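Heads up, the thing below is written out as C-alpha coordinates.
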Amino acid sequence: MKKILIIGAAGQIGTELVLALEKKFGKESVIASDVKEECPKALQNSNYKQLNILDKEGVSKLVKGENVTDVYLLAALLSATAEKNPAFAWELNMDGLFNILNLAKDGFIKKVFWPSSIAVFGPTTPKVNTPQRTIMEPTTIYGISKQAGEQWCAYYNRVHGVDVRSIRYPGLISYTSLPGGGTTDYAVDIFYHAKEYNKYTCFIDENTALPMMYMEDAIRATIELMEAPEEQIKIRTSYNLGGISFTPKQLAAAIKIHQPNFGIDYAPDYRQTIAESWPESIDDQQARKDWKWKECYDLNKMVEVMLKKVDPKLLF
Ligand code: SER
(Lines give C-alpha, C1' and ligand atoms only; values in the text may rest on other atoms or scores of the structure.)
Protein backbone atom coordinates (compact mmCIF):
# COMPACT_ATOMS: atom_id res chain seq x y z
CA MET A 1 0.00 0.00 0.00
CA LYS A 2 1.13 3.53 -0.78
CA LYS A 3 2.01 5.60 2.28
CA ILE A 4 3.21 9.10 1.58
CA LEU A 5 5.20 11.27 3.98
CA ILE A 6 5.53 14.99 3.26
CA ILE A 7 8.33 16.66 5.22
CA GLY A 8 8.04 20.44 5.41
CA ALA A 9 4.26 20.22 5.05
CA ALA A 10 3.64 23.65 6.59
CA GLY A 11 5.56 25.46 3.86
CA GLN A 12 4.36 27.09 0.66
CA ILE A 13 4.60 23.94 -1.47
CA GLY A 14 3.96 21.47 1.34
CA THR A 15 0.51 22.73 2.31
CA GLU A 16 -0.86 22.41 -1.20
CA LEU A 17 0.94 19.17 -1.96
CA VAL A 18 -0.59 17.50 1.12
CA LEU A 19 -4.09 18.50 0.04
CA ALA A 20 -3.52 17.39 -3.57
CA LEU A 21 -2.05 14.02 -2.53
CA GLU A 22 -4.91 13.42 -0.08
CA LYS A 23 -7.35 14.10 -2.87
CA LYS A 24 -5.59 11.69 -5.22
CA PHE A 25 -4.68 8.84 -2.87
CA GLY A 26 -7.01 9.30 0.14
CA LYS A 27 -6.35 10.85 3.54
CA GLU A 28 -5.33 7.52 5.06
CA SER A 29 -2.37 7.35 2.64
CA VAL A 30 -0.85 10.72 3.55
CA ILE A 31 1.17 11.89 6.58
CA ALA A 32 1.95 15.60 6.80
CA SER A 33 4.96 16.54 8.92
CA ASP A 34 6.79 19.71 9.81
CA VAL A 35 9.12 21.04 12.47
CA LYS A 36 6.26 23.27 13.71
CA GLU A 37 4.66 21.92 16.86
CA GLU A 38 1.26 23.23 15.97
CA CYS A 39 -0.55 21.86 12.94
CA PRO A 40 -1.04 24.62 10.35
CA LYS A 41 -4.67 25.75 9.86
CA ALA A 42 -4.82 24.55 6.26
CA LEU A 43 -3.88 21.02 7.40
CA GLN A 44 -6.27 20.72 10.31
CA ASN A 45 -8.06 17.77 8.76
CA SER A 46 -4.83 16.01 7.83
CA ASN A 47 -2.80 13.38 9.65
CA TYR A 48 -0.18 15.78 11.05
CA LYS A 49 3.00 14.82 12.93
CA GLN A 50 5.74 17.04 14.25
CA LEU A 51 9.07 16.01 12.74
CA ASN A 52 12.49 17.62 12.53
CA ILE A 53 14.26 16.38 9.39
CA LEU A 54 17.61 16.76 11.17
CA ASP A 55 16.49 14.30 13.86
CA LYS A 56 17.83 11.21 12.08
CA GLU A 57 16.44 8.77 14.64
CA GLY A 58 13.03 10.42 14.70
CA VAL A 59 12.80 10.37 10.90
CA SER A 60 13.87 6.73 10.74
CA LYS A 61 11.36 5.75 13.44
CA LEU A 62 8.47 7.46 11.65
CA VAL A 63 9.37 6.05 8.22
CA LYS A 64 9.73 2.48 9.53
CA GLY A 65 6.84 2.66 12.01
CA GLU A 66 4.35 3.93 9.43
CA ASN A 67 5.64 1.78 6.54
CA VAL A 68 6.22 4.89 4.46
CA THR A 69 6.72 4.20 0.74
CA ASP A 70 7.02 7.68 -0.80
CA VAL A 71 8.72 10.73 0.71
CA TYR A 72 8.42 14.32 -0.48
CA LEU A 73 11.23 16.19 1.26
CA LEU A 74 10.42 19.89 1.14
CA ALA A 75 12.07 21.20 4.31
CA ALA A 76 14.75 23.75 3.32
CA LEU A 77 15.94 27.31 3.78
CA LEU A 78 15.28 29.37 0.64
CA SER A 79 17.70 31.70 -1.11
CA ALA A 80 17.37 34.96 0.85
CA THR A 81 17.19 33.33 4.31
CA ALA A 82 20.08 31.00 3.50
CA GLU A 83 22.36 33.98 2.80
CA LYS A 84 21.68 35.18 6.34
CA ASN A 85 22.42 31.81 7.95
CA PRO A 86 24.75 29.88 5.63
CA ALA A 87 25.90 27.19 8.07
CA PHE A 88 22.39 26.23 9.12
CA ALA A 89 21.15 26.38 5.51
CA TRP A 90 23.86 23.93 4.48
CA GLU A 91 23.08 21.60 7.39
CA LEU A 92 19.33 21.63 6.83
CA ASN A 93 19.42 21.40 3.03
CA MET A 94 22.10 18.68 2.87
CA ASP A 95 21.82 16.54 6.02
CA GLY A 96 18.05 16.41 5.62
CA LEU A 97 18.54 14.99 2.13
CA PHE A 98 21.08 12.40 3.35
CA ASN A 99 18.72 11.21 6.09
CA ILE A 100 16.12 10.38 3.45
CA LEU A 101 18.45 9.06 0.72
CA ASN A 102 20.07 6.67 3.21
CA LEU A 103 16.70 5.28 4.32
CA ALA A 104 15.84 4.76 0.64
CA LYS A 105 19.21 3.11 0.00
CA ASP A 106 18.52 0.71 2.88
CA GLY A 107 15.18 -0.24 1.33
CA PHE A 108 12.84 1.58 3.75
CA ILE A 109 11.54 4.09 1.18
CA LYS A 110 10.55 3.24 -2.41
CA LYS A 111 10.42 6.68 -3.99
CA VAL A 112 11.80 10.10 -3.05
CA PHE A 113 10.91 13.57 -4.32
CA TRP A 114 13.40 16.31 -3.59
CA PRO A 115 12.99 19.84 -4.96
CA SER A 116 15.79 21.66 -6.70
CA SER A 117 15.57 25.21 -8.02
CA ILE A 118 16.51 27.68 -10.74
CA ALA A 119 19.06 28.77 -8.09
CA VAL A 120 21.40 26.00 -9.31
CA PHE A 121 22.20 28.35 -12.21
CA GLY A 122 24.50 31.34 -11.94
CA PRO A 123 25.68 34.49 -13.71
CA THR A 124 27.67 32.49 -16.31
CA THR A 125 24.64 30.37 -17.29
CA PRO A 126 22.87 31.32 -20.57
CA LYS A 127 20.01 33.48 -19.31
CA VAL A 128 17.34 32.97 -21.94
CA ASN A 129 15.78 29.54 -22.44
CA THR A 130 18.37 28.06 -20.09
CA PRO A 131 19.00 24.49 -21.26
CA GLN A 132 18.66 21.37 -19.12
CA ARG A 133 22.42 20.82 -19.35
CA THR A 134 24.56 23.95 -19.26
CA ILE A 135 27.13 25.92 -17.26
CA MET A 136 26.16 25.94 -13.59
CA GLU A 137 28.13 28.19 -11.28
CA PRO A 138 25.65 29.16 -8.53
CA THR A 139 26.63 32.11 -6.35
CA THR A 140 24.19 31.65 -3.45
CA ILE A 141 24.46 29.20 -0.56
CA TYR A 142 21.01 27.96 -1.46
CA GLY A 143 22.08 27.39 -5.09
CA ILE A 144 25.26 25.61 -4.03
CA SER A 145 23.26 23.31 -1.71
CA LYS A 146 20.76 22.54 -4.47
CA GLN A 147 23.45 21.83 -7.03
CA ALA A 148 25.32 19.53 -4.66
CA GLY A 149 22.02 17.87 -3.70
CA GLU A 150 21.20 17.22 -7.36
CA GLN A 151 24.50 15.42 -7.81
CA TRP A 152 23.92 13.38 -4.65
CA CYS A 153 20.49 12.36 -5.95
CA ALA A 154 22.02 11.23 -9.26
CA TYR A 155 24.76 9.39 -7.35
CA TYR A 156 22.31 7.51 -5.10
CA ASN A 157 20.30 6.58 -8.18
CA ARG A 158 23.33 5.39 -10.14
CA VAL A 159 25.20 3.60 -7.37
CA HIS A 160 22.44 2.47 -5.02
CA GLY A 161 19.44 2.33 -7.37
CA VAL A 162 17.45 4.86 -5.31
CA ASP A 163 14.35 6.08 -7.19
CA VAL A 164 14.75 9.79 -6.49
CA ARG A 165 13.07 12.37 -8.70
CA SER A 166 13.44 16.12 -8.77
CA ILE A 167 12.28 19.37 -10.37
CA ARG A 168 14.15 22.66 -10.60
CA TYR A 169 11.23 24.81 -9.48
CA PRO A 170 10.98 28.36 -10.75
CA GLY A 171 9.51 31.00 -8.40
CA LEU A 172 6.20 29.62 -7.15
CA ILE A 173 3.06 31.73 -6.87
CA SER A 174 0.23 30.71 -4.56
CA TYR A 175 -2.30 31.95 -2.00
CA THR A 176 -2.93 29.08 0.47
CA SER A 177 0.16 29.72 2.57
CA LEU A 178 2.88 32.33 2.44
CA PRO A 179 6.31 31.71 0.96
CA GLY A 180 9.23 32.32 3.28
CA GLY A 181 12.61 33.77 2.51
CA GLY A 182 12.82 33.48 -1.26
CA THR A 183 13.99 35.97 -3.86
CA THR A 184 10.99 35.31 -6.08
CA ASP A 185 8.59 36.02 -3.18
CA TYR A 186 7.92 39.54 -4.48
CA ALA A 187 5.61 37.96 -7.05
CA VAL A 188 3.41 36.68 -4.20
CA ASP A 189 3.77 39.68 -1.86
CA ILE A 190 2.60 42.02 -4.58
CA PHE A 191 -0.90 40.49 -4.59
CA TYR A 192 -1.41 40.97 -0.84
CA HIS A 193 -0.33 44.60 -1.09
CA ALA A 194 -2.37 45.17 -4.24
CA LYS A 195 -5.50 43.92 -2.53
CA GLU A 196 -4.94 45.65 0.82
CA TYR A 197 -3.27 48.95 -0.20
CA ASN A 198 -3.47 49.09 -4.01
CA LYS A 199 0.27 49.78 -4.05
CA TYR A 200 3.54 47.91 -3.64
CA THR A 201 7.23 48.64 -3.16
CA CYS A 202 9.13 45.93 -4.99
CA PHE A 203 12.53 44.66 -3.81
CA ILE A 204 13.39 43.52 -7.35
CA ASP A 205 14.14 45.98 -10.15
CA GLU A 206 11.33 46.63 -12.65
CA ASN A 207 13.09 45.03 -15.62
CA THR A 208 14.49 41.86 -14.02
CA ALA A 209 12.74 38.87 -15.56
CA LEU A 210 12.58 35.60 -13.63
CA PRO A 211 10.97 32.23 -14.37
CA MET A 212 7.80 31.71 -12.30
CA MET A 213 4.97 29.21 -12.06
CA TYR A 214 1.48 29.13 -10.61
CA MET A 215 1.32 26.62 -7.75
CA GLU A 216 -1.42 24.48 -9.27
CA ASP A 217 0.88 23.78 -12.23
CA ALA A 218 3.82 23.06 -9.93
CA ILE A 219 1.84 20.61 -7.79
CA ARG A 220 0.52 18.82 -10.86
CA ALA A 221 4.07 18.63 -12.28
CA THR A 222 5.36 17.17 -9.02
CA ILE A 223 2.72 14.45 -8.82
CA GLU A 224 2.98 13.68 -12.56
CA LEU A 225 6.74 13.26 -12.25
CA MET A 226 6.39 11.03 -9.19
CA GLU A 227 3.71 8.87 -10.83
CA ALA A 228 5.48 8.50 -14.21
CA PRO A 229 6.82 5.00 -14.96
CA GLU A 230 10.40 4.66 -13.73
CA GLU A 231 11.84 3.98 -17.18
CA GLN A 232 10.57 7.36 -18.42
CA ILE A 233 12.71 9.26 -15.91
CA LYS A 234 15.89 10.04 -17.83
CA ILE A 235 17.16 12.86 -15.61
CA ARG A 236 18.24 11.95 -12.11
CA THR A 237 19.78 15.26 -11.19
CA SER A 238 16.70 17.48 -11.62
CA TYR A 239 14.32 18.48 -14.41
CA ASN A 240 14.13 22.04 -15.76
CA LEU A 241 10.58 23.39 -15.57
CA GLY A 242 9.60 26.55 -17.41
CA GLY A 243 6.24 28.10 -16.64
CA ILE A 244 5.80 31.85 -17.04
CA SER A 245 8.60 34.42 -17.28
CA PHE A 246 7.94 38.05 -16.43
CA THR A 247 9.44 41.21 -14.93
CA PRO A 248 7.92 43.11 -11.97
CA LYS A 249 6.84 45.76 -14.48
CA GLN A 250 4.97 43.22 -16.60
CA LEU A 251 3.35 41.73 -13.50
CA ALA A 252 2.24 45.19 -12.35
CA ALA A 253 0.75 45.86 -15.80
CA ALA A 254 -1.23 42.62 -15.59
CA ILE A 255 -2.55 43.65 -12.14
CA LYS A 256 -3.51 47.08 -13.51
CA ILE A 257 -5.92 45.42 -15.95
CA HIS A 258 -8.03 44.60 -12.87
CA GLN A 259 -6.98 47.52 -10.63
CA PRO A 260 -6.20 50.46 -12.95
CA ASN A 261 -4.96 52.66 -10.07
CA PHE A 262 -2.52 50.08 -8.71
CA GLY A 263 0.79 51.81 -8.00
CA ILE A 264 4.23 50.24 -7.88
CA ASP A 265 7.66 51.63 -7.02
CA TYR A 266 11.01 49.94 -6.71
CA ALA A 267 13.59 49.66 -3.93
CA PRO A 268 15.90 46.80 -4.94
CA ASP A 269 17.88 45.29 -2.05
CA TYR A 270 20.35 42.39 -1.67
CA ARG A 271 17.86 40.09 -3.33
CA GLN A 272 18.35 41.98 -6.62
CA THR A 273 21.89 40.55 -6.87
CA ILE A 274 20.50 37.06 -6.35
CA ALA A 275 17.79 37.63 -8.99
CA GLU A 276 20.35 38.91 -11.50
CA SER A 277 22.37 35.72 -11.13
CA TRP A 278 19.41 33.54 -12.18
CA PRO A 279 17.94 32.74 -15.61
CA GLU A 280 15.17 34.79 -17.21
CA SER A 281 13.47 31.82 -18.79
CA ILE A 282 13.86 28.05 -18.83
CA ASP A 283 13.91 25.42 -21.57
CA ASP A 284 11.95 22.43 -20.30
CA GLN A 285 11.84 20.30 -23.46
CA GLN A 286 13.24 17.31 -21.60
CA ALA A 287 10.38 17.25 -19.07
CA ARG A 288 7.88 17.65 -21.92
CA LYS A 289 9.43 14.73 -23.75
CA ASP A 290 10.04 12.34 -20.83
CA TRP A 291 6.86 12.67 -18.78
CA LYS A 292 4.67 14.83 -21.05
CA TRP A 293 4.83 18.00 -18.96
CA LYS A 294 2.65 20.95 -20.03
CA GLU A 295 1.71 24.04 -18.02
CA CYS A 296 -1.85 25.43 -17.92
CA TYR A 297 -1.42 28.93 -16.46
CA ASP A 298 -0.14 31.99 -18.30
CA LEU A 299 0.49 35.41 -16.70
CA ASN A 300 -3.04 36.78 -17.08
CA LYS A 301 -4.79 33.63 -15.88
CA MET A 302 -2.49 33.47 -12.84
CA VAL A 303 -3.05 37.16 -11.97
CA GLU A 304 -6.83 36.79 -12.24
CA VAL A 305 -6.92 33.84 -9.82
CA MET A 306 -4.44 35.39 -7.38
CA LEU A 307 -6.34 38.68 -7.12
CA LYS A 308 -9.53 36.78 -6.49
CA LYS A 309 -8.17 34.31 -3.94
CA VAL A 310 -5.46 36.10 -1.95
CA ASP A 311 -6.60 36.86 1.60
CA PRO A 312 -4.69 39.85 3.03
CA LYS A 313 -5.51 38.62 6.56
CA LEU A 314 -2.85 35.95 6.07
CA LEU A 315 -0.14 38.62 5.86
CA PHE A 316 -1.35 41.76 7.66
N1 SER B 1 11.80 30.61 -5.06
C2 SER B 1 13.10 30.27 -4.57
C3 SER B 1 13.79 31.43 -3.98
O4 SER B 1 13.54 32.53 -4.40
C5 SER B 1 13.93 29.73 -5.69
O6 SER B 1 13.89 28.35 -5.65
O7 SER B 1 14.61 31.25 -3.13
Side-chain angles (χ1 to χ4, degrees), residues 8 11-17 72-86 88-90 92-94 96-97 113-123 125 127 130 136-150 153 166-191 202-205 208-219 221-222 225 237-248 251 268-282 284 287 295 297 302 306:
Q12 190 198 8
I13 303 172
T15 325
E16 304 216 17
L17 192 58
Y72 291 75
L73 170 54
L74 305 171
L77 282 202
L78 292 189
S79 60
T81 325
E83 289 307 298
K84 303 211 151 139
N85 200 346
F88 178 62
W90 185 258
L92 178 66
N93 294 4
M94 299 311 300
L97 176 59
F113 178 82
W114 178 78
S116 186
S117 158
I118 52 164
V120 292
F121 300 116
T125 302
K127 263 194 177 311
T130 301
M136 291 161 90
E137 294 181 320
T139 48
T140 60
I141 298 295
Y142 176 68
I144 297 169
S145 75
K146 288 296 179 189
Q147 198 198 22
E150 283 192 6
C153 288
S166 177
I167 285 172
R168 289 173 183 153
Y169 287 127
L172 297 180
I173 298 167
S174 66
Y175 60 85
T176 309
S177 67
L178 295 167
T183 299
T184 54
D185 293 4
Y186 90 83
V188 178
D189 258 15
I190 194 170
F191 289 101
C202 186
F203 57 78
I204 299 296
D205 186 67
T208 306
L210 285 169
M212 303 276 184
M213 182 173 282
Y214 184 58
M215 187 61 88
E216 198 178 301
D217 274 341
I219 296 293
T222 307
L225 171 65
T237 49
S238 189
Y239 276 98
N240 271 12
L241 214 59
I244 327 163
S245 279
F246 54 79
T247 63
L251 179 56
D269 63 15
Y270 70 101
R271 289 168 282 193
Q272 177 63 24
T273 318
I274 300 178
E276 276 172 22
S277 78
W278 290 350
E280 288 178 14
S281 56
I282 299 286
D284 58 10
E295 76 285 348
Y297 281 81
M302 179 273 284
M306 283 298 284

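Bear in mind that the values here come from a model prediction, so they are computed numbers and not experimental data. Along the sequence shown, residues carry numbers from 1. Counting starts at 1 for both ligands and their atoms, following the listed order.
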I'd like a table of donor-acceptor pairs (distance under 3.5 Å, sequence neighbours excluded) in which one partner is a side-chain atom from residues 178-187, with atom names and distances.
| from | atom 1 | to | atom 2 | distance (Å) |
| --- | --- | --- | --- | --- |
| T183 | OG1 | S79 | OG | 2.8 |
| D185 | OD2 | G181 | N | 3.2 |
| D185 | OD2 | G182 | N | 2.9 |

>> Could you tell me if the side chain of I141 sits less than 4.5 Å from the side chain of E83, heavy atoms only?
In response: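 SC-SC contact between E83 and I141 confirmed.
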
>> Are T139 and E276 packed together at the side-chain level, in the sense that at least one heavy-atom pair is separated by less than 4.5 angstrom?
In response: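 Side chain of T139 against side chain of E276, heavy atoms only: no contact under 4.5 Å found.
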
> Who passes side chain to side chain contact (heavy atoms under 4.5 Å, CB included) against S116, sequence neighbours left out?
Replying inline: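 Side chain to side chain contact (heavy atoms under 4.5 Å, CB included) list for S116, sorted by chain: W114, V120, K146, E150, S166, R168, S238.
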
> Under a strict 4.0 Å criterion on non-hydrogen atoms, which protein residues are in contact with ligand 1?
Replying inline: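 Within the 4.0 Å shell of ligand 1, which is judged on heavy atoms, sit L78, S79, S117, Y142, G182, T183, T184, W278.
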
>> Could you walk me through whether Y72 and I13 satisfy the side chain to side chain contact (heavy atoms under 4.5 Å, CB included) test, starting with their C-alpha distance in whole Å, then the side-chain angles of each, then the deciding distance to 0.1 Å, before giving a yes or no?
In response: CA-CA 10 Å; Y72 291 75; I13 303 172; over 6 Å; no

> With sequence neighbours left out, what residues match E295 under salt bridge (charged side-chain N to carboxylate O under 4.0 Å, His left out)?
Replying inline: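 R288.
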
